[in-house]
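Have a look at the structure below before the remarks.
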2 protein chains.
Amino acid sequence: MSEPADFAARREDVGAQLHRVLRRILAAETALLDARDVEMWDYAVLAALRDGPAQKQAQLAAAIGRDRTRLIASLDRLAGRGLVERDPDPDDRRNRIVTLTPAGRELLDACRGDIRAMEAELLADVPEADRAAFLRALDRLAERAST
Amino acid sequence: MSEPADFAARREDVGAQLHRVLRRILAAETALLDARDVEMWDYAVLAALRDGPAQKQAQLAAAIGRDRTRLIASLDRLAGRGLVERDPDPDDRRNRIVTLTPAGRELLDACRGDIRAMEAELLADVPEADRAAFLRALDRLAERAST
DNA sequence: TATTGTTATACTCTATAACTATA
DNA sequence: TATAGTTATAGAGTATAACAATA
């Protein structure tokens with residue numbers, strides 16, 4: 001059971017715990033990405049483009065929870081390495097459509113593989129009986145947090 | 001089941017999801033603390049002192065995962081409001097023992113109540129069958145992340 | 001010399017607001 | 001005028017190194 005009374009009696013805040021866990025994950029992730037010469041936010045951009053091009057940069061920025069002005073440095077780096085392309089939208093030339101290149105997808109998949117392996121190792125600490133429930137709960141919380 | 005294969009097929013990285021969830025929690029938490037004129041890190045300091053005084057400031061800083069130099073602004077603020085006390089350790093006068101005052105404990109409990117209520121509301125989105133497992137898993141991950 | 005608390009400096013990151021080009 | 005992308009400026013947050021007191 002997880003009634004309000006039980007929850008209130010927990011030693012630590014959920015926020016504090018999440019903060020600690022996330023910090024560890026980010027540290028491990030940064031190291032992995034560093035080995036492939038990819039910055040954290042650049043990886044986030046690549047990952048956001050995985051399911052298809054972004055019609056606007058502002059849209060892309062919103063998708064990863066960033067300001068559109070801070071997205072630009074990432075796009076400059078990525079475009080400079082041929083990992084993404086920025087093409088003007090013929091229908092409205094103010095917009096630039098951002099697309100993943102084959103090289104970009106290749107690098108993304110490599111990074112993602114590294115990161116998934118690291119996360120799987122981390123989750124191995126969680127008793128197997130709770131693992132699926134944890135991931136389901138996280139899906140729900142993350143979905144709710146994006147709106 | 002949550003086998004490696006299933007996990008690798010997840011749409012989003014766990015890190016990205018945690019990042020999104022934590023951002024939402026921190027935003028809500030900041031608003032609650034703001035209403036009581038308490039800064040986030042100051043709250044972390046109060047919470048860390050809940051189970052007893054800290055023998056050294058450096059120790060306290062490590063407990064909340066902060067640099068000892070950045071702890072000082074918090075302690076200055078808190079001591080200025082009479083929420084904590086910094087007393088020189090008689091055995092080693094280099095050290096300063098940090099203690100929660102009654103007023104500090106009162107404010108801490110009030111803030112904590114606000115935050116727990118907010119977190120409980122957030123967790124209400126998670127199907128009840130998964131809630132306890134999620135919290136158990138989080139306990140485990142957080143414990144592992146602190147070492 | 002080493003350690004604790006503290007202060008000072010430089011650096012990074014972030015937020016805000018301007019600028020351009022299109023519409 | 002309004003919007004998308006971009007650039008520039010100022011502010012907050014962070015890391016690093018120095019400093020004084022004590023051991």
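Chain naming here is simple, since letters A, B, ... match the order of the sequence lines and numbering starts at 1 in each.
Salt bridge status for A:Arg94 with A:Asp89: absent, with no side-chain N to carboxylate O gap under 4.0 Å. Ion pairing of B:Arg36 with B:Asp114 is present here, as a side-chain N (NZ or NE/NH1/NH2) and a carboxylate O approach within less than 4.0 Å. Note on B:Asp130 versus A:Arg140: no salt bridge recorded, every NZ/NE/NH1/NH2 to OD/OE distance being 4.0 Å or above.
Side-chain atoms of B:Arg86 lie closest to C:dT6 of the nucleotides C:dT4, C:dA15, C:dT6. Which of C:dT6, C:dA17, C:dT22 sits closest to the side chain of A:Thr69 comes down to C:dA17.
Rounded to the nearest 0.5 Å, atoms CD1 (B:Ile97) and CG (B:Leu49) are 12.0 Å apart.
Of all nucleotides in DNA chain D having an atom under 4.0 Å from a heavy atom of chain B, the first and last in 5' to 3' order are D:dT14 to D:dA23.
Between B:Ile97 atom CD1 and C:dT4 atom P there is a gap of 14 Å when expressed in whole angstrom units. Atom CZ of B:Arg68 and atom P of C:dT3 are 11 Å apart (whole Å). C:dA8 atom C1' lies 16 Å from atom CZ of B:Arg70, rounded to whole Å. Going from atom CG of B:Leu71 over to atom P of C:dG5 covers 9 Å, rounded to whole Å. Here C:dT6 presents its P atom at 7 Å from CG of B:Leu75, a figure rounded to the nearest Å. Rounding to whole angstrom units, CZ of residue B:Arg94 and P of C:dT3 are separated by 8 Å.
Atom CD of A:Gln59 sits in a crowded spot, with more than 12 heavy atoms from other residues, nucleotides or ligands closer than 6.0 Å.
A donor-acceptor contact under 3.5 Å is not formed by the side chain of A:Arg93 with the base of C:dT22. For C:dG5, the base has no donor-acceptor partner in the side chain of B:Arg96 [N/O atoms by modelled type, under 3.5 angstrom].
Residue-to-nucleotide proximity on DNA chain C shows that, of A:Pro90 and A:Arg66, the 5′-proximal contact is made by A:Arg66.
In this structure, A:Phe134 and B:Phe134 have parallel ring planes: the angle between them is below the 30° cut-off, well short of the 60° mark.
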